[in-house]
Amino acid sequence: MKFSTLLIPTSKETPGDASLASHIYLLRGGFIDSVGDSGLYNFLPLGKKVLDKIRFVVKEELDRAGCQEVALSFVTPESLWRESGRLEKYGRELLRFKDRKENNFVLGPTHEEMMVNLIRRTVKSYKQLPLHLYQINLKFRDEIRPRFGLMRGREFLMKDGYSFHVNREDMQREFAHMEETYKTIFTRLGVDFRVVEADSGAIGGTGSKEFMVLADSGEDTIVICESCEYGANIEAAVAEPKVYDEGVTYISVKMKAHYDEGKSKVIAFVLPEGAELQEVKACKAVGANDLSVSDESAQAPIVVIEQSLGAAVDPHDFDAKEIFYEDISSVKEGDRCVHCGGVLRYTKGIEVGHIFQLGTRYSEALGCHFLDENGKSVPMVMGTYGIGVSRLLAAIIEQNHDERGCIWTRECAPFIVQIIVANMKDEAQKAWGEKLYYEMREKGIEVLFDDRTKRFGSKMRDYELIGIPYAVVMGKNLPEGKVEFITREGMVKEEVGIEDLSLFVEKRVLS
RNA sequence: CGGAGUGUAGCGCAGUCUGGUAGCGCACCUGGUUUGGGACCAGGGGGUCGAAGGUUCGAGUCCUUUCACUCCGACCA
């Protein structure tokens with residue numbers, strides 16, 4: 001396509017509130033446009049092209065893996081959320097509204113309820129199982145504090161898949177199959193990622209794994225083993241238990257645990273000195289939705305003791321009604337791996353995928369049953385699988401950029417090659433540029449032709465900012481029959497003879 | 001929700017203390033000179049100064065109220 005006709009509003013200046021490389025470059029490169037600084041974004045032609053590329057890879061691999069694409073209604077009746085018991089738990093992140101008849105609806109932040117509702121109406125027999133349906137659709141979460149551009153917008157594009165099985169074993173087979181499929185997808189997209197064990201959060205369920213794009217700016221801390229494949233989100237990471245003897249000093253942290261319907265309890269968490277309370281683990285240990293610091297002076301009626309303290313503390317020291325022993329402390333750098341004894345380290349990651357072994361959490365709540373071989377009604381066993389498609393766009397740039405701008409991976413680039421005519425008033429440069437442009441188009445190579453009358457400098461800046469993998473410059477050496485071939489990564493420049501240009505470009509671009 | 005701050009042209013900001021013609025840079029339009037690293041000259045368009053009320057001869061500026069957003073902490077693909 002011709003640059004002069006496309007809406008690509010590049011900008012020299014960095015937008016005020018953008019601090020993350022991906023946010024800055026996507027805005028400056030004219031990929032996205034923010035809507036009123038409130039976590040909402042428009043995708044402009046370049047951004048939409050990248051989004052479609054990612055979507056295509058995701059769809060192709062999922063279809064190959066036997067999943068079926070559907071599109072569920074974005075607006076979902078609140079009653080389904082009430083039925084599943086998630087209305088309260090999801091809370092303020094749900095955007096709720098009424099229609100003209102005063103019926104209550106929510107904008108879907110994830111679609112377990114909708115999907116289960118669909119399946120319970122249409123699937124009745126074990127003969128129809130297993131089934132794996134997915135969609136690539138908008139989601140809305142009314143985030144408390146949207147930031148970092150596409151990384152944490154309120155409206156975002158997500159691929160969400162749901163599988164239904166006759167038993168746990170079959171669900172676990174699909175879970176493993178999806179782990180492999182996701183690895184294929186992220187590898188194809190060209191990102192450096194790591195699969196880690198995770199907490200299941202508000203979705204619920206047991207086994208869960210996250211796919212993390214490794215980047216220093218990531219919001220998640222992940223723990224990885226130096227010696228083996230073990231990796232886990234800090235929220236779920238476990239280490240080889242330490243052994244404490246009786247003389248150990250310990251600290252007690254008093255927290256207020258919040259439950260459904262506004263109920264709360266004060267709980268004391270007891271940790272060895274120097275250890276840190278891991279709130280997600282602590283929530284899980286007491287079945288709470290949330291924890292906050294408690295300033296109550298009274299003795300807490302419930303005490304949870306870090307399990308590794310075991311016999312080292314005397315439970316009679318606490319005047320408590322209930323005492324539990326749980327793993328509630330954060331893994332620290334230098335701790336030992338439970339699998340191989342290797343040293344554990346921290347690193348930062350961006351969560352771009354999450355797969356869950358859901359079990360019967362939703363099928364039971366929503367009455368999604370099937371008849372088995374014996375004619376018995378049984379709840380389906382489910383798995384659920386997500387990929388943050390719009391977030392991936394940001395994650396790819398977070399991992400692939402330099403001080404000049406974006407460096408797109410081949411599968412995601414909006415175009416594969418850009419032709420830059422240094423001076424449009426130079427008839428020879430213009431003619432050779434056009435010739436190559438039409439040849440590339442003829443061969444089905446996605447090409448962006450910078451035919452603007454701007455000066456060379458600003459065209460190069462725009463090229464570097466947008467980050468298309470390759471460029472050809474029709475410039476000052478044209479009279480000697482030479483043009484320049486540029487590889488964006490590293491800005492490597494090569495001189496190429498004009499006679500072999502078309503073949504040369506085709507070979508490099510398609511290799 | 002707790003703490004800090006900001007609202008003035010499409011974007012980034014000055015002007016507010018000390019009331020008196022609405023400013024600057026970038027972007028945009030016209031003409032000309034330029035054309036290998038964000039050119040230059042000349043001319044031009046664009047604003048209910050976040051909103052409402054008040055004080056005053058006169059309010060972007062002072063007073064009151066209100067709304068919005070940003071930044072730092074607890075949630076998530």
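On a predicted model such as this, the values are computed, not experimentally measured, just so you know. We name chains A, B, ... by the order of the sequence lines, and we start the count at 1 in each one.
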Asks: Taking G25(B) as the reference, what is the distance to C41(B) when you measure between their P atoms (whole Å, please)?
Replies: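 Per the computed distance, 11 Å lies between those P atoms.
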Asks: Is there a Watson-Crick or G-U wobble partner for G5(B) with both distances under 3.5 Å, and which nucleotide is it?
Replies: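 Check on G5(B): paired to C69(B), both distances under 3.5 Å.
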Asks: On RNA chain B, check which nucleotide each of F148(A) and K454(A) is closest to and give me the residue with the more 5' one.
Replies: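 It is K454(A) whose nearest nucleotide is closer to the 5' end.
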Asks: Can you name the side chain to side chain donor-acceptor pair (under 3.5 Å) partners of E411(A), sequence neighbours left out?
Replies: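 For E411(A), the residues satisfying side chain to side chain donor-acceptor pair (under 3.5 Å) (neighbours in sequence not counted) are R188(A).
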Asks: G37(B), C75(B), A77(B): which one has an atom nearest the side-chain heavy atoms of E93(A)?
Replies: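 Comparing G37(B), C75(B), A77(B) against the side chain of E93(A), the answer is C75(B).
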Asks: Mark yes or no for a side-chain to base donor-acceptor pair under 3.5 Å between R404(A) and G38(B), with no hydrogen or angle criteria applied.
Replies: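 Side chain to base: no pair present.
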Asks: Using the side-chain heavy atoms of A422(A), tell me which of these nucleotides is nearest: G38(B), A77(B), G36(B).
Replies: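 Of the options given, the side chain of A422(A) lies nearest G36(B).
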Asks: Going by purine N1 to pyrimidine N3 plus the second Watson-Crick contact, or the G-U wobble pair, all under 3.5 Å, which nucleotide sits opposite U56(B)?
Replies: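 Partner of U56(B): none.
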Asks: Mind checking what makes side chain to side chain donor-acceptor pair (under 3.5 Å) contact with E197(A), not counting sequence neighbours?
Replies: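 For E197(A) there are no side chain to side chain donor-acceptor pair (under 3.5 Å) partners, ignoring immediate neighbours.
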Asks: What nitrogen or oxygen pairs link the protein and nucleotides 31-34 of chain B at under 3.5 Å?
Replies:
residue, atom, partner, partner atom, Å
U34(B), O2', R455(A), NH2, 3.4
U34(B), O2, R455(A), NE, 3.3
U34(B), O2, R455(A), NH2, 3.4
U34(B), O4, K425(A), NZ, 3.4

Asks: Provide the distance between the two P atoms, one in A22(B) and one in U16(B), to the nearest whole Å.
Replies: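 One P to the other, the span is 16 Å.
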Asks: Could you give the CD-to-P distance, from E219(A) to A77(B), as a whole number of Å?
Replies: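 Interatomic distance, CD of E219(A) to P of A77(B): 12 Å.
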Asks: Nearest to the side chain of K12(A), which nucleotide is it out of U35(B), G37(B), G38(B)?
Replies: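 Looking only at side-chain atoms, K12(A) lies closest to G38(B).
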Asks: Suppose we define a pair by two distances each less than 3.5 Å, Watson-Crick or G-U wobble; what does C75(B) pair with here?
Replies: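 Checking every strand shown, C75(B) finds no partner, since no pair has both distances under 3.5 Å.
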Asks: Looking at A74(B), C11(B), G36(B), which one has an atom nearest to any side-chain atom of E484(A)?
Replies: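 The listed nucleotide nearest to E484(A)'s side chain is G36(B).
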Asks: Between A77(B) and C67(B), how far apart are the P atoms? Round to whole Å, please.
Replies: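 These two P atoms come out 33 Å apart once rounded.
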Asks: Return whichever of R391(A) or T10(A) has its heavy-atom-nearest nucleotide of RNA chain B closer to the 5' end.
Replies: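 Looking at the nearest nucleotide for each, T10(A) comes out on the 5' side.
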Asks: Which nucleotide, if any, forms a Watson-Crick or G-U wobble pair with U34(B), using both distances under 3.5 Å?
Replies: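 When the pairing criteria are applied, nothing turns out to pair with U34(B), so the answer is none.
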Asks: Verify whether one side chain among D160(A) and Q135(A) offers a donor that lies under 3.5 Å from an acceptor in the other.
Replies: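 Looking only at side-chain atoms, Q135(A) and D160(A) do form a donor-acceptor pair, the distance falling under 3.5 Å.
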Asks: Considering Watson-Crick and G-U wobble pairs with both distances under 3.5 Å, what does A27(B) pair with?
Replies: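 Its partner: none found.
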Asks: Hey, does E351(A) reach any base, or is it just sugar-phosphate, or nothing, if we go heavy atoms under 4.0 Å?
Replies: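 Result for E351(A) = sugar-phosphate.
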Asks: Salt bridge or not between D426(A) and K430(A)? Use side-chain N to carboxylate O under 4.0 Å.
Replies: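 The answer is no: the pair does not qualify as a salt bridge.
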Asks: Evaluate the side chain to side chain donor-acceptor pair (under 3.5 Å) criterion for residues E398(A) and H401(A): first the C-alpha distance (whole Å), next the side-chain angles of each, then the deciding distance (0.1 Å), finally the verdict.
Replies: CA-CA 7 Å; E398(A) 214 46 59; H401(A) 68 269; 4.9 Å; no
Asks: If we count only N and O atoms by modelled type, under 3.5 Å, do the side chains of E61(A) and T181(A) hold a donor and an acceptor together?
Replies: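 Note: E61(A) and T181(A) side chains miss the donor-acceptor criterion.
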Asks: Go ahead and name the base partner of C17(B); Watson-Crick or wobble counts if both distances stay under 3.5 Å, otherwise write none.
Replies: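 Partner of C17(B): none found under 3.5 Å.
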Asks: Tell me the partner of G47(B), counting only Watson-Crick (N1-N3 plus N6-O4 or O6-N4) or G-U wobble (N1-O2 and O6-N3) with both under 3.5 Å; none if nothing fits.
Replies: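 Pairing partner: none.
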Asks: Below 3.5 Å, does any donor atom in the side chain of R152(A) face an acceptor in the base of C75(B), or the other way round?
Replies: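 Side chain to base: pair found, below 3.5 Å.
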Asks: What interatomic distance, in whole Å, is found between P of G3(B) and the corresponding atom of A9(B)?
Replies: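 Rounded to whole Å, the distance is 30 Å.
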Asks: Side chain of N423(A), heavy atoms from C-beta onward: which of G37(B), C76(B), U35(B) has the nearest atom to it?
Replies: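 Within the option list, the nearest is U35(B).
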Asks: Answer yes or no as to whether G37(B) has its base stacked against F456(A), where stacking requires a ring-centre separation under 5.5 angstrom and planes under 30 degrees apart.
Replies: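 One would not call F456(A) stacked on the G37(B) base.
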Asks: Over all strands shown, is R154(A) touching base, sugar-phosphate only, or nothing at heavy-atom distances under 4.0 angstrom?
Replies: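 Nothing: the residue R154(A), judged by heavy atoms under 4.0 Å, touches no strand.
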Asks: Looking only at side-chain atoms of E464(A), point me to the closest of G36(B), G37(B), G38(B).
Replies: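 Of G36(B), G37(B), G38(B), G37(B) is nearest to the side chain of E464(A).
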Asks: Check whether the ring centres of F485(A) and Y470(A) lie less than 6.0 Å apart, and answer yes or no.
Replies: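 Ring-ring flag for F485(A)/Y470(A): true, centres closer than 6.0 Å.
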Asks: Out of G38(B), C26(B), G36(B), which has the shortest distance to the side chain of K476(A)?
Replies: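 Minimum distance to the K476(A) side chain belongs to G36(B).
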Asks: For a quick check of understanding: with a heavy-atom distance under 4.0 Å over all strands, which category does M460(A) fall into, base, sugar-phosphate or nothing?
Replies: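 Base, at least one base atom sits under 4.0 Å.
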Asks: What does D160(A) touch in the nucleic acid at a heavy-atom separation under 4.0 angstrom: a base, only the sugar-phosphate, or nothing?
Replies: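 Touches nothing.
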Asks: Ring centroid separation for H132(A) and Y134(A), is it under 6.0 angstrom?
Replies: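 No, they do not, as the ring centres are separated by 6.0 Å or more.
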Asks: If you take all heavy atoms of L80(A) and E113(A), which pair is closest and at what distance?
Replies: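 Smallest interatomic distance, heavy atoms only, reads O-CG, 3.6 Å.
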